[in-house]
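Contents: one structure, followed by commentary.
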Number of protein chains: 4
Amino acid sequence: MTKTKLAIFNSAIEIFSKSGYEGATMDEIAYNAGVAKGTLYYYFKSKEEIFQYVIKEGINVLDMKVSNALSSINVSIDKIIMLCRVQLELVYEHRNLFKVILSQLWGQELRQIEVRGIVRKYIMDIEKYLKEAIDDGTVKSSETSFMSYTFFGTVVAAAVYELINEDKVNLEEMEKNLTSYILKGIQNI
Amino acid sequence: MTKTKLAIFNSAIEIFSKSGYEGATMDEIAYNAGVAKGTLYYYFKSKEEIFQYVIKEGINVLDMKVSNALSSINVSIDKIIMLCRVQLELVYEHRNLFKVILSQLWGQELRQIEVRGIVRKYIMDIEKYLKEAIDDGTVKSSETSFMSYTFFGTVVAAAVYELINEDKVNLEEMEKNLTSYILKGIQNI
Amino acid sequence: MTKTKLAIFNSAIEIFSKSGYEGATMDEIAYNAGVAKGTLYYYFKSKEEIFQYVIKEGINVLDMKVSNALSSINVSIDKIIMLCRVQLELVYEHRNLFKVILSQLWGQELRQIEVRGIVRKYIMDIEKYLKEAIDDGTVKSSETSFMSYTFFGTVVAAAVYELINEDKVNLEEMEKNLTSYILKGIQNI
Amino acid sequence: MTKTKLAIFNSAIEIFSKSGYEGATMDEIAYNAGVAKGTLYYYFKSKEEIFQYVIKEGINVLDMKVSNALSSINVSIDKIIMLCRVQLELVYEHRNLFKVILSQLWGQELRQIEVRGIVRKYIMDIEKYLKEAIDDGTVKSSETSFMSYTFFGTVVAAAVYELINEDKVNLEEMEKNLTSYILKGIQNI
DNA sequence: AATGAATGAGTCTTCATTCAT
DNA sequence: CATGAATGAAGACTCATTCAT
């Protein structure tokens, strides 16, 4: 990625997260990147292509960070706990990327269907870790597909919480609560 | 709501859910409602106003259905269980409304900030039920604000699951899994 | 054709003849028609579609004028003579249409290939009259296909002559010369 | 002409003939010439200048080929016959140049008016030969200016014929027909 | 109560041209 | 000699909105 392309990438993520895909304008993206509008088209064929690049490159980073964080852990329940923590941190650190993805998850445009496909793959990676933990008995045997979606949803919840309550979040506290919620649920026993 | 206004309401929800706010066009909404474009402006001042009407009227329906479902239940843990069930049913039944809301949750446009305010209120209603259950000891004492967001997130998860896996969902099965997940978590004890 | 559509049609022919297809701008066409740019798109899907409408509608008029002029003539040599005259008059009267057609005859764009198809059909109509005249012996037996193209080319020559020498043309004189050229050639015997 | 300039010349003629002046892009011309876009501007000041170079250099070649072909012929009627033949061969051999010229003959842009001027001069050369033949009585006395345009038009006809009927042309046959048409016309006597 | 022709501001995209290397 | 990254003016097209009927 050249310096210019990187500037466009960063600008685009910001603008898309602020205005959504349709709401974002090439003018804004260019201005925010500090380049001329024509430059966008020197590096990308269209707005669509910028969007796809943002998503794919972004997901790559997430994937790498997740597998890095988990690679050194052997005990599967610890993996699950670390997964909670790392996902939460990613949501926090890459909140703009998450906003872009979550805003483009819902429609019937080709772009949106593709984003769903990407999220599906992302969630299937989570499922893998859950299956491991089920296999060695630390996690309840259950329908892992749905379970991984609820896991993902819980992370989204954190994004919504963070979005709605802005500045006031305490990441460590959230981590603790989230892990407890996921592992043990809410019921008092 | 006259017949024509209702037709516009239904059409708008459909189009907004398919294309998002910016992606939806007045032409499409009018055509889908079976009226002329001018008619939209006879009933609403602007696209913005149609959108707001859709959201507010939609949320009203959800609120009423939730309180109806819970009004006859006294035991607080049963209320929580029913809340799981009813939310899941609403996500399923009013999926288009949920798609509209969830797609408009993430940006910095006035409209999106307003939608977040509405969701915030909606989640605070959930919090009320959780507080009740904590008070009588059936639910663990915890940070209820965050807990209600995770609850909401889990419901969103169901929406995503349903969206990505389309047709193949089994609502009853999902209900059982969801309730177990929320109440007891995933860990084997 | 509504009044507005007609205004667009007339404007477009003028602008296309002045600037060619690519050189013409929608702004110019709209301004010249006395309507807003959006109005062009209310009546036509695209610039391309305006162009096609101009060509097809224009060719229709030519076809009708030719067959009207020839319908009342029975002697085939007189038909040929009248064909010379009427073609020349059409080139003169509809010079803008001819300019548009002749400028769009030469490339490999779909639009240009289509125009060639239309011209081909137009020339095949001429061929019909030549064949008749050959059948009754007033015109030399020859390769009629090529002959009709040369006939057409001679008409184009008149267009070029008229274009290059502007104002100074004497239509009657041209008619006489043209007919003599076509019927008897240039050689002195 | 250096090798690079020649490459640009050849590329430009090809692209202009395929897409017209406005339709041709500098990118395409550069790519087709196997050079970088900047190189075009090393050799030419602008697209306009490339175009003019193409036309002028092209017409030069035509002029030379015509005068070469006719220089050794003394009998004026033979000159006319050879003129037919050589023009037809040029149209065939340099069809791309003819397409460029013929597509740029019709508008009101400066460039197009200039092309008309060049064609005018080219036709006036033809006129010269016709005048000679009139002077010694082999060609009918007539308005030579118009006659030379019809002569040119007949050649254009061949171009159109060739363009529309592509591959299927038989050059020798065409030459015979064309010469007969020009010298003796179509009428049976 | 309802329409649909007309608008024009705003958007994406193209492309001739420049310039530092 | 030659390059190609970068530009920005200009063009096709969209669409929310208006208004006379």
Side-chain angles (χ1 to χ4, degrees), chain A residues 2-5 7-8 22-31 33-50, chain B residues 2-5 7-8 21-31 33-51, chain C residues 2-5 7-8 19 22-31 33-50, chain D residues 2-5 8 21-31 33-51:
Chain A
T2 73
K3 224 182 71 187
T4 305
K5 198 167 184 179
I8 295 173
E22 305 269 8
T25 72
M26 295 300 267
D27 267 303
E28 227 181 341
I29 294 175
Y31 179 80
V35 302
K37 209 196 314 195
T39 307
L40 301 186
Y41 289 90
Y42 187 76
Y43 285 94
F44 299 94
K45 235 176 52 239
S46 63
K47 186 180 177 181
E48 187 72 35
E49 213 184 87
I50 295 183
Chain B
T2 73
K3 223 181 73 186
T4 305
K5 198 166 184 180
I8 295 173
Y21 178 79
E22 305 271 8
T25 72
M26 296 299 267
D27 267 302
E28 228 181 339
I29 293 174
Y31 179 80
V35 301
K37 204 188 338 186
T39 308
L40 301 186
Y41 287 89
Y42 185 79
Y43 286 94
F44 299 93
K45 232 177 60 236
S46 64
K47 184 181 179 183
E48 188 70 36
E49 213 184 86
I50 296 183
F51 178 77
Chain C
T2 72
K3 224 182 72 185
T4 305
K5 198 167 184 179
I8 295 173
S19 313
E22 305 270 7
T25 72
M26 295 300 268
D27 267 302
E28 226 180 341
I29 294 175
Y31 179 81
V35 301
K37 208 196 313 193
T39 307
L40 301 186
Y41 289 91
Y42 187 78
Y43 286 93
F44 298 94
K45 236 179 50 240
S46 63
K47 185 180 178 181
E48 186 73 34
E49 213 185 86
I50 295 184
Chain D
T2 72
K3 224 181 72 185
T4 305
K5 198 166 184 179
I8 295 173
Y21 178 79
E22 305 271 7
T25 73
M26 296 298 268
D27 268 301
E28 226 181 339
I29 294 174
Y31 179 80
V35 301
K37 205 190 334 185
T39 307
L40 300 185
Y41 288 88
Y42 186 81
Y43 286 94
F44 299 93
K45 231 177 59 238
S46 64
K47 184 180 178 182
E48 187 72 35
E49 214 185 88
I50 296 184
F51 178 77

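Lettering follows sequence order; numbering is per chain, from 1. Since the structure is predicted, the reported quantities are computational estimates derived from the model, not experimental observations.
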Could you tell me whether C/Thr2 contacts a base, only the sugar-phosphate backbone, or nothing, with contacts defined as non-hydrogen atoms closer than 4.0 Å? nothing
Establish, from distance only, whether the side-chain atoms of B/Glu48 and B/Tyr21 form a donor-acceptor pair under 3.5 Å. yes
Mind checking side chain to side chain contact (heavy atoms under 4.5 Å, CB included) for C/Glu28 and listing every partner two or more places apart, or none if nothing turns up? C/Ile15, C/Lys18, C/Ser19, C/Thr25
Both distances under 3.5 Å, Watson-Crick or G-U wobble: on that basis, could you give the dot-bracket string for DNA chain E, with [ ] for crossing pairs and | for other-strand partners? .||||||||||||||||||||
Heavy-atom distance under 4.5 Å between the side chains of A/Thr2 and A/Lys5, does that happen here? yes
E/dT14 P sits how many Å from A/Leu40 CG, rounded? 12 Å
Could you give all pairs that pass the salt bridge (charged side-chain N to carboxylate O under 4.0 Å, His left out) test and reach residues 36-46 of chain C, with sequence neighbours left out? C/Asp27-C/Lys37, C/Lys45-C/Glu49
Ignoring hydrogens and angles, are the base of E/dT13 and the side chain of A/Lys37 linked by a donor-acceptor pair under 3.5 Å? yes
Indicate, with a heavy-atom threshold strictly under 4.0 Å, whether D/Lys47 touches base, sugar-phosphate, or nothing. sugar-phosphate
Could you state the atom-to-atom distance from CZ of A/Phe44 to C1' of E/dC12 in whole Å? 16 Å
Contacts of B/Tyr43 meeting ring-ring contact (aromatic ring centres under 6.0 Å, His included) (sequence neighbours excluded), chain-then-number -> none
Note: contacts of residues 22-30 of chain D with DNA chain E (heavy atom, under 4.0 Å) are D/Ala24, D/Thr25, D/Met26
Any side-chain N or O of A/Ser46 below 4.0 angstrom from OP1/OP2 of E/dC12? no
Tell me the interatomic distance from D/Phe51, atom CZ, to E/dA16, atom P, rounded to whole angstroms. 14 Å
Under 3.5 Å, which N/O atoms of the protein pair with N/O atoms of nucleotides 19-21 of chain F?
none

Comparing C/Gly34 and B/Gly34 on DNA chain E - which has the more 5′ nearest nucleotide: B/Gly34
Between B/Tyr42 and C/Tyr43, which residue's closest nucleotide on DNA chain E lies nearer the 5′ terminus? B/Tyr42
B/Thr39 side chain N/O closer than 4.0 Å to the phosphate oxygens (OP1, OP2) of E/dA1? no
Taking only residues two or more places apart in sequence, or in another chain, which ones meet A/Tyr41 in a side chain to side chain contact (heavy atoms under 4.5 Å, CB included)? A/Met26
